[in-house]
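Down below is the structure, laid out as structure tokens.
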Amino acid sequence: MEYSKSDYKEYPKTVAPDDLWAQVRRTVYGKPVSDDQIALIVDSMREGLSLNGSERLLELGCGNGALSHYLFDGCIEYMGVDFSDYLISVAQRKFQRPGFSFIVGDVCGYVENEPEPARFTKVLCYAVLSYLTDEQVTAALAALADRFTSVRTVFLGNLPDRDRAHLFFPDGKDFRAELDDPASQIGRWRSPEQLEALAARSGWKARPSRMPETFYQAHYRYNAVLERAP
């Protein structure tokens, strides 16, 4: 049975329980992304979040925790949230320990209902935002601004750049219908300017950045750091 590339509920169950990168489709032509590429991702997260060893980090869309655990040494508390009960079960089995936990929940529902939001100091959301509609993104960012009062920095990673979509799709393919579909292969494509506008609606100032050219997705993806608007 084939699953869409936006399906992170059923597809992960079809690969080996310990094939962590395959479960979250962090692969190239079916092979796991190399260690040096993973290091580039982790470095971008560390730099964007400015982890100082005393953070209480919230990750929205944590998947199976394979990337998350590389950040644990920069935190005194970590909470990972993901809508896939299977991926969360993997994360709990592999990486959970006292103070560093993983729970099932969707992005919007969690940020609107977390009972102790003020305890978190930083927020990470990697390779997830494109699978949300503009309305969901606006609602989630507004909830982070209003309820998570100690959070000054949000790192949004691996965002597909609408202005560079032509560098991803094969020549001759009409990809216009896919750019606005959160359920498509890559999800909804947004230019840095579109992301900045979405962030501004919810009280955040976005600072987009590019990955090093050696990163395998650098030609069509970017990151952004959100800080509270003055």
Side-chain angles (χ1 to χ4, degrees), residues 1-15 19-30 33 41 59-67 80-91 103-113 123-144 154-170 172-199 201-202 206 208 216-217 219-224:
M1 181 175 183
E2 293 187 2
Y3 296 92
S4 71
K5 290 196 174 182
S6 59
D7 183 350
Y8 287 92
K9 277 185 174 287
E10 296 304 320
Y11 170 76
K13 301 174 185 178
T14 68
V15 301
D19 194 346
L20 302 184
W21 298 132
Q23 290 170 9
V24 294
R25 296 185 186 272
R26 195 142 288 119
T27 57
V28 178
Y29 300 117
V33 171
I41 296 173
E59 183 176 6
L60 301 173
C62 63
N64 59 18
L67 278 177
V81 181
D82 199 276
F83 80 141
S84 169
D85 53 354
Y86 180 77
L87 290 178
I88 287 296
S89 72
V90 175
I103 63 170
V104 177
D106 69 90
V107 169
C108 292
Y110 173 81
V111 295
E112 292 171 358
N113 294 288
V123 175
L124 167 65
C125 185
Y126 191 84
V128 172
L129 214 70
S130 62
Y131 299 113
L132 303 179
T133 65
D134 284 357
E135 292 75 19
Q136 289 173 317
V137 172
T138 300
L141 293 181
L144 287 176
V154 179
F155 181 77
L156 306 177
N158 220 33
L159 306 168
D161 187 346
R162 192 183 190 93
D163 295 337
R164 297 190 174 196
H166 63 285
L167 300 176
F168 171 78
F169 291 99
K173 177 180 173 62
D174 184 357
F175 53 79
R176 290 173 294 179
E178 297 186 38
L179 297 183
D180 296 317
D181 183 2
S184 67
Q185 178 180 11
I186 302 297
R188 181 159 169 65
W189 295 66
R190 299 180 178 95
S191 69
E193 291 74 21
Q194 288 175 316
L195 179 69
E196 289 177 60
L198 276 179
R201 292 181 199 171
S202 306
Y216 74 110
Q217 295 177 328
H219 57 296
Y220 71 98
R221 291 189 184 267
Y222 66 101
N223 302 326

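Partners of Thr138 under the side-chain contact (heavy atoms from CB on, under 4.5 Å) rule, at least two apart in sequence or in another chain, are Leu198, Arg201, Ser202. Taking the side-chain contact (heavy atoms from CB on, under 4.5 Å) definition, one finds that Ala91 meets it with Phe102, sequence neighbours left out. With sequence neighbours excluded, the residues forming a ring pair (Phe, Tyr, Trp, His ring centres under 6.0 Å) with Phe168 are Trp189, Tyr220, listed by chain and number. Asp181 is linked by a salt bridge (charged side-chain N to carboxylate O under 4.0 Å, His left out) to nothing, counting only residues two or more places apart in sequence or in another chain. With sequence neighbours left out, the side-chain contact (heavy atoms from CB on, under 4.5 Å) criterion links Thr133 to Glu135, Gln136, Pro182. Residues passing the salt bridge (charged side-chain N to carboxylate O under 4.0 Å, His left out) test with Asp85: none are found, sequence neighbours excluded.
Judged purely by atom type and a 3.5 angstrom limit, Tyr222 uses its side chain to pair as donor or acceptor with the backbone of Ser191. Looking only at distances, no side-chain donor or acceptor of Ser130 sits under 3.5 Å from a matching main-chain atom of Gly187. Side chain of Arg221 to backbone of Asn158: a donor-acceptor contact under 3.5 angstrom is found.
Atoms CG and CG, from Leu60 and Leu156 in turn, are 9.5 Å apart once rounded to the nearest 0.5 Å. Distance CD/Glu178 to CD1/Ile186: 8.5 Å, rounded to 0.5 Å. Atom CG of Leu195 is separated from atom CZ of Arg190 by 7.5 Å, given to the nearest 0.5 angstrom. With rounding to the nearest 0.5 Å, the separation of CG in Asp163 from CD in Gln194 is 7.5 Å.
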Checking Glu59 against Leu67 for the side chain to side chain contact (heavy atoms under 4.5 Å, CB included) test, could you report, in this order, the C-alpha distance in whole Å, the side-chain angles of both residues, the deciding distance, and whether it holds? CA-CA 11 Å; Glu59 183 176 6; Leu67 278 177; 5.6 Å; no

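Each of Ile103, Asp106, Ile88 was scored for a side-chain contact (heavy atoms from CB on, under 4.5 Å) with Val81, with one residue passing: Ile103.
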